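Worksheet: the structure to be examined is printed underneath.
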Amino acid sequence: MALERLFRRKRPSGVNRDVPELWTKCEACGVQLYKKEFRENLYVCPRCGHHHRMPASERVEMLADAGTFQETTGLKPLDPLGFVDTKPYAERLKAYQEETGRQDAILGGTCTIGGVPAVLLVMDYAFAGGSMGSVVGEEIARGAERAAAEGRALVIVAASGGARMQEAALSLMQMAKTVMSLDRLWAKRLPYVSILTDPTTGGVTASFAALADVIFAEPGALIGFAGPRVIRQTIRQELPEGFQRAEFLLKHGMVDRVTDRRKLKGELVRALRHLHPGVPYAVGV
Amino acid sequence: MPLEFEKPILELEKRIAELKETARSTGVDLEAEIRLLEERLARLKQEIYGNLTAWQRVQLARAPGRPTTLDVLEKAFQDFLELHGDRAFADDPAIVGGLAYLEGQKVVVVGHQKGRDTKENLYRNFGMPHPEGYRKAMRLMDLADRFGYPFLAFIDTPGAYPGVSAEERGQAWVIAQSIQRMSRLKVPAIALILGEGGSGGALAIGVANRVLILENAWYSVISPESCAAILWRDAKEAPKAAEALKLTARDLLAQKVVDAIIPEPEGGAHKDPLRAIQNIKEALLKTLEELKGLSPEELYQDRYRRFRALGAYAES
């Protein structure tokens with residue numbers, strides 16, 4: 001480490017300043033990655049295939065057909081309980097809003113995906129761990145209702161630590177609200193596809209995310225009900241290798257497919273075209 | 001095992017009993033002293049039980065001797081016939097259910113079941129269900145729909161079991177499915193929080209037309225201890241977390257998360273379980289009466305509207 005620092009210091013200062021901006025490291029194998037290429041590779045390490053977390057806006061770019069996305073989200077969170085822990089919830093919200101440029105932990109709107117009309121909702125893990133409070137619940141319910149009203153498919157990309165503690169019972173109620181809103185799609189025979197990314201746990205897994213017609217999971221994503229730390233405390237022993245990872249979920253029958261992010265849009269389009277009654281038979285479009 | 005905040009009351013009660021015993025055995029007239037202490041006891045009870053903190057109520061909600069689902073089924077209902085098993089994997093003792101009559105009305109009942117002593121608590125997994133428990137609950141929801149009988153659910157769990165076995169068998173999936181199944185019931189559905197309403201494991205059988213709660217029960221997204229461990233990084237801050245979570249019956253009524261509060265005897269339901277169970281029975285009968293006459297579609301829409309309206313946000 002010390003040697004590395006010494007070595008770096010001897011580089012020309014101009015290059016040194018550029019290093020943090022141009023290069024990054026794979027979180028799994030540690031290989032140096034050129035950021036631009038890394039981003040173009042959808043934050044998947046080209047050497048070991050590790051799927052890194054991805055900003056919500058780039059997720060939209062990756063899944064929506066170019067130029068078709070119209071944002072519909074933007075509800076503002078409140079602090080209904082006046083919640084204060086080591087810091088007031090209102091202050092935490094403000095900090096997250098400044099950090100992410102978003103009102104709450106979800107970005108969504110209407111678009112087409114492989115030509116199929118859709119409502120696409122993406123949870124933003126960078127905002128309060130993607131936690132579901134009143135805003136996330138309401139945006140999902142409105143998204144499902146909009147999809148039903150406009151004949152669109154619903155696609156939700158989940159990334160969440162679960163329900164938001166600072167809205168307590170109201171967050172819990174969002175689980176029921178989101179689940180019930182899916183009935184509007186059922187009534188119209190419109191497809192709902194859920195994409196589980198790293199991590200998806202707690203009240204999000206245990207509500208709308210688990211109830212899709214087709215469920216995709218990204219390789220290596222942590223998916224479950226209780227978090228690994230809580231389980232470790234409960235059973236007081238180490239957890240088995242690969243426990244609660246996407247591949248484990250596939251083996252236990254909880255998800256339909258574990259799909260590499262670089263192939264995800266293609267598979268999503270196929271699923272939507274298969275399911276959506278308004279889309280005619282077409283292969284390889 | 002008296003609760004910490006009840007100790008002054010118990011000490012005073014003990015002193016009064018001692019004085020009475022002394023008066024009886026010695027023949028000395030202690031009437032005035034005893035009356036004075038009894039007045040003081042009444043004031044003390046009023047002061048303590050009339051100003052319970054959120055954390056004290058959480059302790060009452062967990063107090064040994066508090067009525068459990070089976071206590072209620074045995075004493076408020078007639079001819080409870082327990083039905084077992086999820087028809088897929090196992091029978092989960094943490095959730096009980098079956099057929100019963102409530103004042104002659106046929107109903108289907110389900111509820112979390114805690115143990116009434118340590119041995120039973122181990123058997124019941126402290127009221128923390130595995131996926132099998134929720135599958136059993138869903139099977140009973142099917143039964144209620146098939147015969148058109150009201151569905152009654154009693155909530156009393158610290159949460160769904162957070163363990164390897166539960167995760168392997170899809171804990172999150174069955175909770176989501178149970179929420180969905182219950183929301184689609186074609187019959188009147190009432191949920192009643194008896195003691196602890198711990199997170200998704202409670203909500204899984206809580207998607208009812210009316211949600212009732214006992215005066216000292218709690219219901220929230222997380223237990224105060226777990227919340228404190230995460231946000232304060234110290235489970236010992238649970239009293240602060242209990243306060244912040246606004247998890248008491250009165251708070252939940254203000255948030256419209258519950259529709260009515262069922263009163264408990266002074267000092268909590270465990271002080272007079274029969275009285276508490278009588279209050280539960282009256283509340284259930286009254287609520288069933290309210291839902292009478294709604295068609296299956298109206299019942300579904302009523303539930304949809306009820307949960308669709310919950311939450312606090314501002315338009316952009």
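The chains referred to below are lettered A, B, ... by the order of the sequence lines, with proteins before strands, and numbering in each begins at 1. What you see is a predicted model, and the numbers here were worked out from it, not measured in a lab.
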- Message: For A226(A), is there any backbone N or O sitting under 3.5 Å from a side-chain donor or acceptor partner on E167(B)?
- Response: yes
Where does [X] contact chain A at under 4.5 Å (heavy atoms): side chain, backbone, both or neither?
X: L310(B); answer: both
X: I222(B); answer: side chain
X: V164(B); answer: both
X: Q177(B); answer: both
X: A160(B); answer: both
X: L203(B); answer: side chain

- Query: Side chain, backbone, both or neither: which part of R236(A) has a non-hydrogen atom closer than 4.5 Å to chain B?
  - Reply: neither
- Atom group of Q174(A) that falls short of 4.5 Å from chain B, counting heavy atoms: side chain
Restricting to non-hydrogen atoms, name the atom on [X] and the atom on [Y] that form the minimum distance, rounded to 0.1 Å.
X: G311(B); Y: L170(A); result: N-CD2, 3.9 Å
X: F307(B); Y: A176(A); result: CD2-CB, 3.6 Å
X: V221(B); Y: R164(A); result: CG1-O, 4.4 Å

- Contacts of residues 195-205 of chain A with chain B (heavy atom under 4.5 Å): L196(A), T205(A)
- Message: When you compare the side chains of D183(A) and Y304(B), does any donor N or O come within less than 3.5 Å of an acceptor on the partner?
- Response: no
- Message: Using a 4.5 Å heavy-atom cutoff, which residues in residues 122-139 of chain B come close to chain A?
- Response: none
